[in-house]
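Protein chains get the first letters and strands the later ones, always in sequence-line order, with residue 1 at the start of each.
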Protein chains: 2
Amino acid sequence: MARKVGRRGGNIVTIHDVARHVGVSPMTVSRVINGEKNVREETRAKVLASVEALNYSPNLAARSLATQDAARVGLLYSNPSVAFLSEFLLGILGESSQAGTQLLIESCDGPEGAAAALEKLKNNGCDGVILSPPLSDSTRVAKTLQDMNLPFVGVAAARPATDICAVSIDDHKAAFAMTRRLIELGHRDIGFIKGHPNAYASQLRFDGFLSAMAKAGLTAEPHLIAQGYFTYRSGFDAAERILSHKQRPTAIFASNDDMAAGAVATAHRMGLDVPDQLTIVGFDDTAMASSVWPELTTVRQPIADMAAASVRLLLEQIRSRRLGREFEPVREVRDFALIERQSSTFTSSGGAISDS
Amino acid sequence: MARKVGRRGGNIVTIHDVARHVGVSPMTVSRVINGEKNVREETRAKVLASVEALNYSPNLAARSLATQDAARVGLLYSNPSVAFLSEFLLGILGESSQAGTQLLIESCDGPEGAAAALEKLKNNGCDGVILSPPLSDSTRVAKTLQDMNLPFVGVAAARPATDICAVSIDDHKAAFAMTRRLIELGHRDIGFIKGHPNAYASQLRFDGFLSAMAKAGLTAEPHLIAQGYFTYRSGFDAAERILSHKQRPTAIFASNDDMAAGAVATAHRMGLDVPDQLTIVGFDDTAMASSVWPELTTVRQPIADMAAASVRLLLEQIRSRRLGREFEPVREVRDFALIERQSSTFTSSGGAISDS
DNA sequence: CCTTATTTTGTTAGCGCTACCAAATCACGC
DNA sequence: GCGTGATTTGGTAGCGCTAACAAAATAAGG
C-alpha cells in the first residue's frame, strides 16, 4: 500500500495515534476533543496530555465529512469600504476556519444586484449567507433571502428588525457617547455632518448626537448642522458651509471618517489648525482615520468581532434548521469604543472662537 | 438508517447520484469531474450533462480527505495597509476555497515578530505559508522559513531573489510607465516623492521614474525630489518642500497613495488647484486613492490576482514536495495598470507655471 | 448480594470522494 | 480467428472522523 508519508505536512497524527498513546479507544479521544461531558475527568486529562504531547490537531475535512455538519456559507458584500471589508474578512476567516466552514464570496452592486448573487450562492450549495452593510440593512435583500429559504445574518445592521439575525453596535449610543465626550472636553458649539440619508445608521447617529446635546442642555444650532453623503467630498463641502458662518463651532462631529477627513482638509484650507482651533471627530475608525494627519479621533466598531459572531450565529441557525428546530432570531449588540487620536482636544474658549 | 435529509443545504447530490443518473460508475464521474483524460468523449459529455442537470457540486471535505491533498496554508501579514489586506484576502479566499484549502491567518509586528508567528502556524499543521509585504521582502523571514523547511510564496516582493517563490509586479516598469504618461501629458518639471528607504520597492519606483525622465531627455532636478516615508504626513511635508521652491513643478509623482493624498492637501493649503494647476499621482491604488478628492490617478497592482496566483504556486510547491520532487522556485510577474482619475491632467504651460 | 438506573467506554459503519488495481472493451495486424 | 497493446471502465478499500448503538463499568437501592 505504502501511501506517501508525511502527507498532512508534518501533521500525520490522527485520533488513532492519540488513542493508542493513551490506551483508550478513538471514540473516547473524539469525545474529549469535542468537549462532551460523559468522560471521566481522569481519562480526559490523560487524553488532553497526549494531544498536547503528540501535537495532534483534528482533520477538519474528516470531521465535517463525518458530521455532515459541513456548512458552506456565503459572504455577500457590496460597495465595500475596503477598510471595513478587510477587517470583516479577517473576522469571518478566523471563525470559519476554526469551524471548518467553507466560504464562498460574492459581491454585488447594491441591493438591486443582490438577488442574482444570492441565486449563485445558493446554486453553489451555500447553506447560509452573511451580509455586510449596506446589504444587511436592506429589507429587500432580507425578503429575497427569506423567499429562498436561506438562513442569513446581517452584520452592522442599523435598522432594528426583530425577525432577522444581526450583529451590530448601538449607533445611537455611540454617537451619544462621542458627543458627550466632546462636551466633556469643553466644547459647546458643536457642528454635525450627517450621513447619507438613505442609510439608517445616519439617522441613529444624528439622533444620538441630538440626545447628548439636549441632555447637556445645549442646543444644536441649525447652521451648525450640514447634510453629507459619507464621501470625502461631501464632508469637505459640508464643513465649508458650517465653518463659513460667523459663529464658528469649536468642534465638528462627522458621521463617518471620510467626511471627517474632508472636514480636516477644509479646516486646513481655511488656515485653521486641527485640533488647536478646531476639533474634528469621525465615526467608524476606517483606515482613513489613521492615515490622514492629524489622525482622527473616532468611534470604532469591533468589526472583526462582529463578523466572527455572525459566523457563529449563522452556523447555529443552520444547525437548528437541520435538526428541524425553530430558530429564534437573535440580535447581538457588541460594544463600540471611543478612539482618541490627535484630531480632538479640549477647548479653553467658553464659546466660539473669533475669526483669526 | 434514515439520516436527516437535506443536510448539505439543498445540495445532497453526490457523485453516486450522478453516476446512477448517467448509468456509469461513480469512478467515471469522478474522472470527468477532475478532467482526467482517459474518458471517452461521449461518456464525458453525458456525465457533464447530468452534473449540470442535477446541479451537482463536489464535496470538498470528502475530496481532500480522500486525496490527502488537503493543504493547510498559513497567511502571515504585518502592518497591514488595510486596503491592501482586503484585496489580498479576497484573492486568497477565492482561490483557496476552490482548492478546498484551509486557511490560517496570523499577523505579526514586522519581520522581527515573524518567527514566533511562523512557529505557531507550523504547529497548527500548516503545510506552507503566504507572505504579504513587507514580510515578503524580508530575507530574514525567508531564512526562518527555509530553516523550518516550510514552503512559502511572497506576494508583491520587490526584492528580486532567485531562490524563492514570489508573485509581484514590476515596480520599475510601473513607475516608468506612469512617468512617461505624465510626460505625454506635457509635463516637463515633475516632482517625485520617494518612499520609505527601507522598502526595496521605493528604490525601484524611483529608478523607474529616473529612467523615464532620462529617456525623454529631461533632468530630474534635485530640488524637485523629496524623501518621504509612505505616510500621509510625510507626503504632506515633502510636497511642501517641493512646492516652496520658486520653480514649481507642474506635476508630482508620489511613491504611494497616502503620500499623494498628503501632497494634495498641501497643494490645497497653498491655494493650488488639483489638477488644473498641479497634477498629482500616486501608486498602489489603495482605498485612499479613490476616497480623497480629487480622486487620485495612480498605479494599480492586481493584488487579488497576485494573491490568488500565490496560492496556486504554493499548492503546487507543496504537492511536488509531497511527491518528493524538487520544486523550481518561480517568480511570477503580473501586469499593473495605470488608473487615470481626476488628480491628473495635461499641462499647457511649456515649463513651470508662475506664481499666482 | 443482586437488580436496576446511570455513567463511561468501545464497536461498527459510513460520510463523499479518489488511489489503485483489475476487468472490460476496443484497435489493429497477422 | 487470436494475440498484443492501448484505451476506457468498474470494483474495492480507505482517507480521519463521529453518529448510533452495544457493552462494560460504576452507582444506587432494596
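- In this entry the distance linking NE2 of H16(A) with P of dT11(C) reads 11 Å, nearest Å.
- The interatomic distance linking L65(B) (CG) with dC15(D) (P) rounds to 9 Å, in whole Å.
- In this structure, R63(B) reaches the dT18(C) phosphate: one of its side-chain N or O atoms is under 4.0 Å from OP1 or OP2.
- For residues 23-50 of chain B, proximity to DNA chain D is found at V24(B), S25(B), M27(B), T28(B), R31(B), N38(B), V39(B), R40(B), T43(B), defined as any non-hydrogen atom under 4.0 angstrom from a strand atom.
- In this structure, I15(B) atom CD1 and dG11(D) atom P are separated by 14 Å, rounded to whole Å.
- Sorted by first and then second residue, the side-chain hydrogen bond (donor to acceptor under 3.5 Å, both in side chains) pairs involving residues 305-317 of chain B (not counting sequence neighbours) are E95(B)-R312(B), D305(B)-R334(B).
- Between the CG atom of N59(A) and the P atom of dG16(C) there is a distance of 16 Å, rounded to whole Å.
- With a 4.5 Å cut-off on side-chain heavy atoms, V129(A) and L75(A) do not count as touching.
- By the side-chain hydrogen bond (donor to acceptor under 3.5 Å, both in side chains) test, D163(A) pairs with no residue at all, sequence neighbours left out.
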Please tabulate, for side-chain N and O atoms in residues 105-113 of chain B, each donor-acceptor pair with protein atoms closer than 3.5 Å (sequence neighbours left out).
residue, atom, partner, partner atom, Å
E106(B), OE2, K120(B), NZ, 3.2

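- Overall bending of the helix from dC1(C)-dG30(D) to dC30(C)-dG1(D), expressed as the angle between end axes built from five pairs apiece, is 50° (10° steps).
- The backbone N or O of V73(A) sits nowhere less than 3.5 Å from a side-chain atom of D127(A) that would complete a donor-acceptor pair.
- Nearest heavy atoms, F88(A) versus A307(A): O-CB, 3.4 Å.
- Within the 3.5 Å criterion, the main-chain N or O of A157(A) finds no donor-acceptor partner in the side chain of D137(A).
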When the side chains of residues 21-41 of chain B are checked against the rest of the protein, which donor-acceptor pairs come out under 3.5 Å, sequence neighbours left out?
residue, atom, partner, partner atom, Å
H21(B), ND1, S50(B), OG, 2.6
S25(B), OG, M27(B), N, 3.3
S25(B), OG, T28(B), N, 3.4
S25(B), OG, T28(B), OG1, 3.3
S30(B), OG, N34(B), ND2, 3.4
N34(B), ND2, S30(B), O, 2.8

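- Nucleotide dG16(D) holds its C1' atom 12 Å from the CZ atom of R72(B), rounded to whole Å.
- A close approach under 4.0 Å does not occur between any side-chain nitrogen or oxygen of Q68(A) and OP1 or OP2 of dG14(C).
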